[in-house]
Amino acid sequence: MEKLVKVKSQSPLRTSDYTDRRSQEQRKFYSVELVLSDGLDEFVAELTGDQALNAPTFAPNALYSVSCYMSRRTWTSQNGQPQQATTVTVRQIKAV
């Protein structure tokens, strides 16, 4: 998905530790959430990894070209109900 958007808000850098399944090494996961708007639709997209670690502070009134991908996640809740969510991840974002 590609859109021209404004960044309505930006979370601080979030860091969490995890164990790599293959190497069993401790690693860090970095993420920043952006609330984006194209003037009609508003959605949350996530920067991850080095992109999140090196993310600038986005200007709220500037126009950005964003390329994202969406993925679906499924799981079972604690009470046994099937759950689904769509995650939007930023591939690239640049000022226009």
**Item:** For Ala62 against Lys6, the heavy-atom pair lying closest together
**Value:** O-CG, 3.5 Å

**Least distance between heavy atoms, Arg91 atom then Gln51 atom** = O-NE2, 2.9 Å

First locate atom [atom1] of [X], then atom [atom2] of [Y], and finally report the distance between them rounded to the nearest 0.5 Å.
X     : Y     : atom1 : atom2 : value
Gln81 : Trp75 : CD    : CH2   : 12.5 Å
Cys68 : Glu46 : SG    : CD    : 11.0 Å
Thr87 : Arg72 : OG1   : CZ    : 11.5 Å
Glu33 : Thr48 : CD    : OG1   : 11.5 Å
Gln92 : Ser65 : CD    : OG    : 7.0 Å

**Message:** Tell me if the CG atom of Asp17 is crowded by more than 12 foreign heavy atoms within 6.0 Å.
**Reply:** yes

**Message:** Are there over 12 heavy-atom neighbours, none belonging to Phe29, within less than 6.0 Å of that residue's CZ?
**Reply:** yes

**Prompt:** Does the side chain of Gln26 reach to within under 4.5 Å of the side chain of Thr19, using non-hydrogen atoms?
**Reply:** yes

**Asked** Other than Val90, which residues form its hydrophobic cluster under the rule that side-chain heavy atoms must be closer than 4.5 Å?
**Response** Met1, Val5, Val7, Leu13, Tyr30, Val32, Leu34, Leu36, Phe43, Leu47, Leu53, Phe58, Tyr64, Val66, Met70, Val88, Ile93

**Asked** Any donor and acceptor pair, going by atom type alone, linking the side chain of Gln10 with main-chain N or O of Pro56 inside 3.5 Å?
**Response** yes

